[in-house]
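Working notes for the structure below.
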Amino acid sequence: MKKWLIALAGVLLTFTLAGCGSKTVASTSGGKITESQYYSSMKGTSSGKQVLQQMILNKVLEKDYGSKVSSKKVTKQYNTYKSQYGSSFSTVLTQNGLTAKTFKEQIRSNLLLEQAVKDKVKITDAALKKQWKSYEPKVTVQHILVSKKATADTVLKELKKDSSESNFSKLAKKYSTDSTSKSDGGKLSAFDNTNTSYSSKFLTAAFKLKNGEYTTTAVKTSNGYEIIRMIKNPGKGKMSDHTQDLKEQIWSNDMSDSTVLHNVVSKVLKGGNVSIKDSDLKDILSSYLSTSSSSSSSSN
């Protein structure tokens, strides 16, 4: 699951910070714990401060970008994660101290932050050219994974006679150890240069192939020996045809860059007219509000 700039740390405040009072949060044989007591205790902890930081940031992000993040978009990303983790999804949520509701809230926070990154980070021509060097469009391949080189050589010998998609599919069903794809003839979901599921060796070999070509030498990876056949490679083409894709990839990289995110959050908060009313928490945003933001590699 994605990591946010400021994690919720598994702590959920069930009261409004400005409205804490004498209402009882819990009672025991030794006495009761009021909201104000709980608040006073929480605000002195790092996790409590992180929650307040996130709440403040979310308020400003919601005002600035809320209209650009629909509940449909949140649900779509939620369902993607749910599909990815399958039957273990509920367990993963629990292990991360989340429920379906709080995870959707985190997804929304992240999507709002993405909108802020797109708004605040100005992408230069130099950054586009740099991203273009590693850019590859989405390709579709089929592969055969085997554990022994001798088996790979046997498959390659058969492909030398007939390298058609149908024959490759037949060989994948017979020899491949990839139980997920072998039943579909070794076909994999389309991927581009941002893919992190496959090794760099696999990706490098795949992107070199044209439609109908296959790796005449097995690619040795940590999983075994890979034989890859290209089904659809649209070709890299001209940079001008992929400007938006390049920007999206840069923004995606920025979402994992703590320096860029710090700069963006600083700009968002500085424009959010934030005022801390509790004197004990007056410096909670000092690292964002009192420092001048430095430029990122992809911004002006």
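Remark: Lys161 pairs with Glu158 by the salt bridge (charged side-chain N to carboxylate O under 4.0 Å, His left out) rule, at least two apart or across chains. Remark: Asp125 pairs with Leu128 by the side-chain contact (heavy atoms from CB on, under 4.5 Å) rule, at least two apart or across chains. With sequence neighbours excluded, no residue satisfies ring pair (Phe, Tyr, Trp, His ring centres under 6.0 Å) with Tyr175. When the salt bridge (charged side-chain N to carboxylate O under 4.0 Å, His left out) test is applied to Glu165, no partner is found at least two apart in sequence or on another chain. Taking the side-chain contact (heavy atoms from CB on, under 4.5 Å) definition, one finds that Thr45 meets it with Met42, Ser47, sequence neighbours left out. By the side-chain contact (heavy atoms from CB on, under 4.5 Å) test, Lys129 is found to be paired with Met239, residues two or more places apart in sequence or in another chain being considered. Residues satisfying the ring pair (Phe, Tyr, Trp, His ring centres under 6.0 Å) test with Tyr135, not counting sequence neighbours, are Trp132, His242. A search for side-chain contact (heavy atoms from CB on, under 4.5 Å) contacts involving Ser88 returns Tyr85, Val92, not counting sequence neighbours. Under the ring pair (Phe, Tyr, Trp, His ring centres under 6.0 Å) criterion, Trp251 pairs with no residue, sequence neighbours left out.
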*May I have the step-by-step check of side-chain hydrogen bond (donor to acceptor under 3.5 Å, both in side chains) for Asp178 and Ser181, ending in yes or no?*
CA-CA 6 Å; Asp178 180 2; Ser181 69; 2.8 Å; yes
*Derivation of the side-chain hydrogen bond (donor to acceptor under 3.5 Å, both in side chains) call for Tyr288 and Asn263*: CA-CA 8 Å; Tyr288 296 105; Asn263 292 339; over 6 Å; no
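No side-chain donor-acceptor contact under 3.5 Å links Thr151 to the backbone of Val146. Gln37 places a side-chain N or O within donor-acceptor distance of the main-chain N or O of Thr34, the cut-off being under 3.5 Å. Although no hydrogens or angles enter the test, the distance criterion places no donor-acceptor pair under 3.5 Å between the side chain of Arg229 and the main chain of Phe168.
For Lys82, the NZ atom is loosely surrounded, since the number of other residues' heavy atoms within 6.0 Å does not exceed 12. Within a 6.0 Å radius of NZ in Lys220, more than 12 heavy atoms belonging to other residues, nucleotides or ligands are found. The neighbour count for Lys182 NZ, taken as heavy atoms of other residues, nucleotides or ligands under 6.0 Å away, is above 12. No more than 12 heavy atoms of other residues, nucleotides or ligands lie within 6.0 Å of CG in Asn273, so this atom counts as exposed by the packing criterion. Residue Lys201 qualifies as open at atom NZ: its count of foreign heavy atoms under 6.0 Å is 12 or below. Heavy atoms of other residues, nucleotides or ligands lying less than 6.0 angstrom from NZ of Lys138 number 12 at most.
Listed by chain and number, the hydrophobic cluster partners of Ile231 come to none, as no ILVMFWY side chain reaches under 4.5 Å of it.
Remark: Lys104 qualifies as a cation-pi partner of Tyr78 under the 6.0 Å distance and 45° angle criteria applied to the six-membered ring.
Checked for salt-bridge contact, Glu114 and Lys118 miss the test: no charged N lies under 4.0 Å from a carboxylate O.
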Run the side-chain donor-acceptor check on residues 209-216: report pairs under 3.5 Å with partners two or more places apart or on a different chain.
{"from": "Asn211", "atom 1": "OD1", "to": "Asn233", "atom 2": "N", "distance (Å)": "2.6"}
{"from": "Glu213", "atom 1": "OE1", "to": "Lys210", "atom 2": "N", "distance (Å)": "2.9"}
{"from": "Thr215", "atom 1": "OG1", "to": "Ile228", "atom 2": "N", "distance (Å)": "3.0"}

For a quick test of your reading: what N or O donor-acceptor pairs under 3.5 Å do the side chains of residues 189-197 make, sequence neighbours left out?
{"from": "Asp192", "atom 1": "OD1", "to": "Thr194", "atom 2": "N", "distance (Å)": "2.9"}
{"from": "Asp192", "atom 1": "OD1", "to": "Thr194", "atom 2": "OG1", "distance (Å)": "2.5"}
{"from": "Asn193", "atom 1": "OD1", "to": "Glu136", "atom 2": "N", "distance (Å)": "3.0"}
{"from": "Asn193", "atom 1": "OD1", "to": "Gln249", "atom 2": "NE2", "distance (Å)": "3.0"}
{"from": "Asn193", "atom 1": "ND2", "to": "Ser134", "atom 2": "O", "distance (Å)": "3.3"}
{"from": "Asn193", "atom 1": "ND2", "to": "Gln249", "atom 2": "OE1", "distance (Å)": "3.0"}
{"from": "Asn195", "atom 1": "OD1", "to": "Ser197", "atom 2": "N", "distance (Å)": "2.8"}
{"from": "Asn195", "atom 1": "OD1", "to": "Tyr198", "atom 2": "N", "distance (Å)": "3.0"}

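Here CD1 of Ile107 is found 12.0 Å from NZ of Lys73. Values are rounded to the nearest 0.5 Å. Here Leu281 contributes atom CG and Lys49 contributes atom NZ; the two are 7.0 Å apart, rounded to the nearest 0.5 Å.
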